[in-house]
Number of protein chains: 2
Amino acid sequence: MSTPGPRRTTIKDVAELAGVGVATVSRVLSGGSASAETRERVLDAATKLDYRPSALGRNLRQQRSGGVALLVPDITDGFYARLCDGVLSCARSYREPVTIGVTGDDAEQEADLVGGLLEQSMDRIIAVPTGDGEMWASAVRAGLNVVFADRRVWSPGQHARALDEVPAVLTDDRAGLRTAIEYLTGLGHRKIGFLARQGMSHRVAAFREVMGDLLDDDLVVFARASRDSAYAAAAGLFQRRADLTAVIAGGNMLGEAAVLAARELYVRIPRDLSLIMFDDVPWAELCSPPLTVIAQPASDVGYRAAELVLRHGRRPRTVSLPTELIVRSSCAPRR
Amino acid sequence: MSTPGPRRTTIKDVAELAGVGVATVSRVLSGGSASAETRERVLDAATKLDYRPSALGRNLRQQRSGGVALLVPDITDGFYARLCDGVLSCARSYREPVTIGVTGDDAEQEADLVGGLLEQSMDRIIAVPTGDGEMWASAVRAGLNVVFADRRVWSPGQHARALDEVPAVLTDDRAGLRTAIEYLTGLGHRKIGFLARQGMSHRVAAFREVMGDLLDDDLVVFARASRDSAYAAAAGLFQRRADLTAVIAGGNMLGEAAVLAARELYVRIPRDLSLIMFDDVPWAELCSPPLTVIAQPASDVGYRAAELVLRHGRRPRTVSLPTELIVRSSCAPRR
DNA sequence: AATGATGATGGAATCGTTTCCATGAGCACT
DNA sequence: AGTGCTCATGGAAACGATTCCATCATCATT
């Protein structure tokens, strides 16, 4: 089977070669106090034996496994892929491994995943949460070190304040939405739709608030976290409400679906329908027509979240990163 | 600071409550032999205490941490994102956590990452390798359980056969390329370029082989793993060789760059230049013009690779998944 | 009835680290 | 010289599981 091989070199071997106790080796290697001479002898021995501390032993002793967990709804979505990339790049500089799980925007899967992490004694986690504040509250009570990214979750009961203390890195959806809506109304649009995905309630809330008097609740539709569902939602909206003249897609999968559905239904963009999509992706520029988007610093969101969870120093409650409206050619004046 | 809290319930607590020894509890929980009555008592106690075995203890004892590691060049690239998704979805059904690292197609970073994994005693890894057979050979000699995905690496020396035993899940690049090239030559194209990225030597080799007499080595160009570099490579090629009538992009970042560069240089697709891109992505259809692509089952590649590394049964040396040419509107007859 | 085989069981060792605590040396000050 | 203080140091005890091994009961066979 597997070769029995030469046993891996342990701290004990180093101690022996250096002629000191294991405790001393441990102290030297983790930056404790020791005399200069001892330190040198230990370091020498360690390099001579090519000693690498076993994370396993350390983890058991410290009752926590290193590394960070990262939970995103869908890694295939360009936005979350970039968010992951940001986390990964920050974690790399701390030499911390990152464990990724996808929740599919499903509360049950999310709970499962978190359960698994607890079992692994992972105590640091960055999450794009999907619903169920109860679950998250109990997780932080269990000692989990949570940072929310992209969206957050509030404490369910008005007495439990556990979640309100959880730091979060968000994008300024509201401002982005406001700019976008102002742009559209400036072009004369009044009937503005919103394509959302389950779990985007924060964005929907912001949309409702910013729209104010203009809001027509029949114009906001929800899709599940699949391509097909997004398409169905977009097509359904376009067919049902012929009076629609502009639509905002809550994410790039929704935007994709909107373009596709419009094409299928002979709705011309931007002549018949103006479209603004959340999140700038490389293909938005390549699309026909090039899409006007609300750009989000996805990678920064990930990076900052990782910093928060890894540095763990005094940390601000919540940081909000700016969005930017990038005007291309998918919006036109209402005709 | 952190609440000392009630100690987590250990196997010992369960043993005590059930009135048996810890060894028995362990056996029952991991499916060993035990009398029906004992089994029941143990299971009862376990549920009553809401006992969850600590992965830490197990890991240390077994000298290996569970889970799988996954190394990809760039998680932001749609292809690798889907590959990750495939791995994650398979791993989920085994309840195994997945640790992801991005190599950026850089051998040094790759080696770093693998070193880190060794330190964590991760012994199962799925990798899209980038260069340096030496490093991978020593990794498998160290007992690492490697499965290559998307591309593989051969043993450096002709005597060391370590790597040739490593299973791999690949896509049939050669066939895809052959079909694409036949399609292009059928349209009358003779000067066909290839846009590659560092680390795509397998694909370049296949291109060279399939092109045969038609090959003009000056028409294959390499980019580094960044968007800018891809753009520069494409633009450079288009300017340098005005006689070029068709080009194949080795990945979707390259394809993106090609479309952009062509647009910038007033090269019309497909009128002046036919384009085929490796890997079908949702936006290929939305692009103007819609792109003809060589589709690859990215998610399946990941899924199968995960199966291979997790089931670990008798396993085929290498599996090759089919590609498919999807004809859209980015190719036209040579004029 | 004596012997052997089988199977369930629990005690104890083990994995590799960190950290608590006791020890002893060195030094300053009275 | 004696007292007290600060250090460096090493032994040993965790951490929580798995698994080796010895023990004991039960039962079948001679």
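Computed from heavy atoms alone, side chains included, the values below leave out hydrogens, waters and symmetry copies. All chains are named by letter (A, B, ...) in the order of the sequence lines, taking the proteins before the strands, and each is independently numbered beginning at 1.
- Within the nucleic acid shown, Gly57(A) comes within 4.0 Å of at least one base atom, counting heavy atoms only.
- Comment: Lys12(B) does not engage Glu16(B) in a salt bridge, judged by the lack of any side-chain N to carboxylate O separation of less than 4.0 angstrom.
- At a cut-off of 3.5 angstrom, counting only N and O atoms as typed in the model, there is no donor on one side facing an acceptor on the other between the side-chain of Arg52(B) and the base of dG16(D).
- Base engagement by Ala23(A) is indicated by at least one non-hydrogen atom pair under 4.0 Å involving a base atom.
- Across dT9(D), dC20(D), dG16(C), the shortest atom-to-atom separation from the side chain of Arg27(B) is found for dC20(D).
- Leu56(A) comes within 4.0 angstrom of no nucleic acid atom, judged by non-hydrogen atoms across all strands.
- Contact of Arg58(A) with dT17(C) (side chain to base): no donor-acceptor pair of N or O atoms is detected under 3.5 Å.
- Looking only at side-chain heavy atoms (C-beta outward), Ile125(A) and Trp136(A) come within less than 4.5 Å of each other.
- For the pair Ser54(B) and dC15(D), the criterion of a side-chain N or O lying under 4.0 Å from OP1 or OP2 is not met.
- Note on Thr24(B): every side-chain N or O is 4.0 Å or more away from OP1 and OP2 of dA8(C).
- Note: CZ (Arg64(A)) to P (dT18(C)) measures 13 Å, nearest angstrom.
- Listed pair Ser26(A) / dT18(C) meets the phosphate criterion, a side-chain N or O lying under 4.0 Å from OP1 or OP2.
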side-chain hydrogen bond (donor to acceptor under 3.5 Å, both in side chains) between Arg8(B) and Ser54(B), worked out: CA-CA 9 Å; Arg8(B) 89 177 270 155; Ser54(B) 149; 4.8 Å; no
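- Of the candidate nucleotides dG16(D), dA17(D), dT9(C), dA17(D) has the atom nearest to the side chain of Pro53(B).
- Atom CD1 of Ile11(A) and atom P of dT17(C) are 5 Å apart (whole Å).
- Applying the 4.0 Å criterion to OP1 and OP2 of dG16(C), one finds that Gln63(B) has a side-chain N or O inside that range.
- For Ser33(B), a side-chain nitrogen or oxygen approaches OP1 or OP2 of dA8(C) to under 4.0 Å.
- Looking at heavy-atom distances under 4.0 Å, Thr38(B) makes contact with sugar-phosphate atoms alone, never a base.
- Nearest-nucleotide assignment on DNA chain C puts the 5′-proximal partner with Arg39(B), out of Arg39(B) and Arg61(B).
- The residues Arg151(B) and Asp105(B) are annotated as salt-bridged, a charged nitrogen and a carboxylate oxygen being separated by less than 4.0 angstrom.
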